[in-house]
Amino acid sequence: MAKVTVESGICGFTTEVLAEAPDMFSCNLSINTTCPNIQKIAAELGTLNPLDEISFKGDSRLRGLFFQYCPHAACPVLPGMVKAVEVAAGLALPRDAHIYVQK
């Protein structure tokens, strides 16, 4: 199991992702979010294949849903979800990632 919290920035939306994977071939996500676009994605997720989600070469269901419902290319929720999937499936160790923005 893995839990990821994404504070998306200027939009003010927060998304919590709970990933449960019995093995590296299936993973289910529970999403709690204040973002209406991410709510649409969460409603259609279903079971994911972690091996497809962690590579640009796979058939990523998450990327397809983000392209369909999320109009903001810089949204940090997609990488947060992928990180939750890979950690839950035992394909990566848990470690925080950060994006620092300055002008």
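Computed from a predicted model, the values in this text were never measured in an experiment.
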Say you draw a straight line from [atom1] of [X] to [atom2] of [Y]; how long is it, rounded to the nearest 0.5 Å?
X     : Y     : atom1 : atom2 : value
Ile38 : Asn32 : CD1   : CG    : 12.5 Å
Met1  : Cys27 : CE    : SG    : 11.5 Å
Ile54 : Met24 : CD1   : CE    : 9.5 Å
Leu29 : Leu62 : CG    : CG    : 6.0 Å

Report all side-chain donor-acceptor pairs from residues 10-19 shorter than 3.5 Å, counting only partners two or more places apart or in another chain.
residue : atom : partner : partner atom : Å
Thr15   : OG1  : Thr33   : OG1          : 2.7

If I compare all heavy atoms of [X] with all of [Y], which pair ends up nearest, and what's the gap?
X     : Y     : value
Arg63 : Phe56 : NH2-O, 3.5 Å
Ala2  : Ala88 : CB-N, 3.8 Å
Leu45 : Leu48 : O-CD2, 4.1 Å
Ser8  : Pro76 : CA-CG, 3.8 Å
Phe25 : Pro50 : C-CD, 3.5 Å
Asn37 : Cys70 : CB-CA, 4.4 Å

(message) Side-chain heavy atoms nearer than 4.5 Å, only ILVMFWY residues, links allowed to pass through others: does that put Val87 and Val4 together?
(response)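 No, separate clusters.
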
(request) Examine Ile31 and Ile41 and state if one hydrophobic cluster contains both, with Ile, Leu, Val, Met, Phe, Trp and Tyr joined whenever side-chain heavy atoms are less than 4.5 Å apart. (result)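 Same cluster: Ile31 reaches Ile41 through Ile, Leu, Val, Met, Phe, Trp or Tyr contacts under 4.5 Å.
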
(message) Do Tyr69 and Gln39 pair up side chain to side chain, a donor and an acceptor below 3.5 Å, judged on atom types alone?
(response)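 No - no donor-acceptor pair under 3.5 Å links their side chains.
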
(message) For the backbone of Ser55 and the side chain of Asp52, can you confirm whether one donor and one acceptor N or O come within less than 3.5 Å of each other?
(response)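 No; zero donor-acceptor contacts below 3.5 Å.
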
(request) Answer yes or no: is there a donor N or O on one side and an acceptor on the other, between the side chain of Glu53 and the main chain of Arg61, under 3.5 Å? (result)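 Yes; at least one donor-acceptor contact below 3.5 Å.
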
(request) Flag yes if more than 12 heavy atoms outside Glu7 fall under 6.0 Å of its CD atom; otherwise flag no. (result)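 No, not enclosed.
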
(message) Filter on salt bridge (charged side-chain N to carboxylate O under 4.0 Å, His left out), then keep only pairs touching residues 83-103, sequence neighbours left out; what's left?
(response)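 Salt bridge (charged side-chain N to carboxylate O under 4.0 Å, His left out) check on residues 83-103 returns Lys83-Glu86.
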
(message) Under the criterion side chain to side chain contact (heavy atoms under 4.5 Å, CB included), I'd like the reasoning laid out for Val77 against Met81: C-alpha separation, chi angles, the key distance, then a yes or no.
(response) CA-CA 6 Å; Val77 175; Met81 286 183 174; 3.9 Å; yes

